[in-house]
Amino acid sequence: MKPAVLIVDDDTAICALLQDVLSEHVFAVTTCHTGQEAIRCVEERPEIALVLLDMMLPDINGLMVLQQVQKIRPTLPVVMLTGISSESDVVVGLEMGADDYICKPFNPRVVVARVKAVLRRGGVPVAEGGVTQICGLSFNGWHLDTGRCQLRDPQQQTIDLTQGEYSLLLALAQNARRVLSREQLLALTHSDSIEVFDRTIDVLIMRLRRKIEANPHQPTLIKTIRGLGYVFAADVQHHDKAA
């Protein structure tokens with residue numbers, strides 16, 4: 001049976017990204033966007049093996065949710081998702097019994113590694129390399145293989161992407177037709193291995209356009225929405241294939 005993870009965050013883009021990456025690593029994922037929802041879910045779903053809990057929720061402070069979760073299921077592991085500026089909340093959360101914390105913006109691979117480590121410490125078996133399906137995204141003849149982290153063009157040629165370019169393209173494609181601000185893209189593409197700052201997104205967008213646009217100066221896939229951010233202006237198909 002897949003370990004069940006509950007993601008609690010009011011940012012739907014972050015929930016979608018975490019759901020995709022955790023599902024690929026053999027987790028059953030549930031998402032909710034408020035503290036009250038999270039508390040009900042923990043009460044009603046005993047199969048939940050771990051909670052990823054944002055500290056800034058629209059209805060209840062995350063620390064209060066953590067306190068309620070501890071009362072309902074004292075041994076249920078909780079990993080906090082926190083902003084860089086909320087160091088005091090991290091300290092209090094750990095003192096209250098949270099098992100770990102992850103600062104935003106984060107690298108999704110780091111989240112997976114932390115989740116697996118916490119579950120192992122609690123004696124929950126976690127499959128390694130047991131993914132039987134590889135999730136892929138296709139658009140306009142292109143294919144983004146999220147199992148191998150590769151991009152193939154319509155002629156099935158592999159296009160070299162840096163880690164930053166791959167992460168950004170994945171975030172854009174997973175949120176196709178939705179305008180994403182630089183701040184949202186930073187949260188979805190941050191890597192612990194590089195220093196990420198606001199203008200990094202613009203540079204990565206420029207690089208991606210050179211690789212996937214017929215005319216990078218008149219882009220049709222990655223469009224700029226002045227004053228708001230960027231939008232991936234293509235229909236994206238999500239599908240699985242045998243590994």
Side-chain angles (χ1 to χ4, degrees), residues 12-27 29 105-113 128-225 228-243:
T12 56
I14 287 179
C15 283
L17 175 66
L18 289 175
Q19 183 165 18
D20 283 344
V21 71
L22 287 168
S23 296
E24 287 178 15
H25 287 80
V26 201
F27 291 100
V29 180
F106 52 74
N107 183 333
R109 296 186 187 93
V110 172
V111 177
V112 173
E128 296 290 348
V131 178
T132 58
Q133 299 289 319
I134 298 175
C135 180
L137 306 174
S138 295
F139 55 90
N140 291 23
W142 295 76
H143 181 74
L144 189 63
D145 186 331
T146 54
R148 297 179 176 87
C149 299
Q150 291 180 345
L151 175 67
R152 292 195 298 276
D153 66 14
Q155 289 73 46
Q156 298 302 305
Q157 299 296 312
T158 299
I159 305 300
D160 290 332
L161 295 178
T162 66
Q163 178 183 335
E165 291 165 355
Y166 170 81
S167 297
L168 179 58
L169 181 57
L170 178 62
L172 288 165
Q174 287 176 327
N175 294 276
R177 306 289 184 183
R178 177 185 175 191
V179 178
L180 296 174
S181 67
R182 288 191 184 90
E183 290 75 19
Q184 288 173 307
L185 288 170
L186 281 169
L188 294 172
T189 60
H190 174 66
S191 168
D192 286 349
S193 63
I194 59 173
E195 182 182 357
V196 178
F197 50 92
D198 194 49
R199 304 306 294 180
T200 302
I201 296 299
D202 297 332
V203 174
L204 292 175
I205 291 285
M206 179 181 65
R207 291 179 185 171
L208 278 176
R209 283 173 171 165
R210 289 174 180 168
K211 294 182 178 182
I212 70 174
E213 297 280 7
N215 182 352
H217 301 292
Q218 294 182 331
T220 60
L221 290 174
I222 305 175
K223 293 186 176 181
T224 301
I225 307 300
L228 295 176
Y230 298 98
V231 63
F232 196 74
D235 293 324
V236 176
Q237 292 78 46
H238 297 244
H239 56 87
D240 294 331
K241 66 178 183 177

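The minimum heavy-atom distance linking A173 with F232 is given by the pair CA-CD2, 4.0 Å. Across D160 and K211, no two heavy atoms sit closer than the pair O-NZ, 2.8 Å. Looking at every heavy atom in both residues, G136 comes nearest to H143 through CA-CE1, 3.7 Å. Of all the heavy atoms in Q237 and D235, the pair that sits closest is NE2-O, 3.6 Å. A234 and A176 make their closest contact through O-CB, 3.5 Å (heavy atoms, listed as atom of the first residue, atom of the second, distance). Residue G229 comes nearest to V179 through the heavy atom pair N-CG1, 4.3 Å, listed as atom of the first residue, atom of the second, then distance.
The CD atom of Q184 sits 10.5 Å away from atom CG of L228, with the distance rounded to the nearest 0.5 Å. One finds the CG atom of L185 at 5.0 Å from the CD1 atom of I201 (value rounded to the nearest 0.5 Å). Going from atom CG of L17 over to atom CG of L22 covers 9.0 Å, rounded to the nearest 0.5 Å. Atom-to-atom distance recorded for I225:CD1 and L180:CG is 10.5 Å, nearest 0.5 angstrom. The structure places OG1 of T220 at 9.0 Å from CG of N215, a figure rounded to the nearest 0.5 Å. Interatomic distance, I205 CD1 to L168 CG, rounded to the nearest 0.5 Å: 4.5 Å.
By the 4.5 Å heavy-atom criterion applied to side chains, I222 and I212 are counted as neighbours. For the pair Q174 and L144, the minimum side-chain heavy-atom distance is 4.5 Å or more. Between L172 and L188 there is no side-chain heavy-atom pair separated by less than 4.5 Å. By the 4.5 Å heavy-atom criterion applied to side chains, L137 and H238 are counted as neighbours. Between E165 and I159, every side-chain heavy-atom pair lies at or beyond the 4.5 Å cut-off. Looking only at side-chain heavy atoms (C-beta outward), L169 and L151 come within less than 4.5 Å of each other. Counting heavy atoms from C-beta on, the side chains of L18 and V29 never come closer than 4.5 Å.
Every pair tested for salt bridge (charged side-chain N to carboxylate O under 4.0 Å, His left out) that includes a residue from residues 212-223 fails, sequence neighbours excluded, so the list is empty.
Side chains of D202 and Y230: a donor on one and an acceptor on the other come within 3.5 Å.
Residue Q156 qualifies as enclosed at atom CD: its count of foreign heavy atoms under 6.0 Å is above 12.
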Given the rule in the side-chain contact (heavy atoms from CB on, under 4.5 Å) test, do R209 and L221 qualify, once you have shown the distances and angles that lead to the verdict?
CA-CA 8 Å; R209 283 173 171 165; L221 290 174; over 6 Å; no
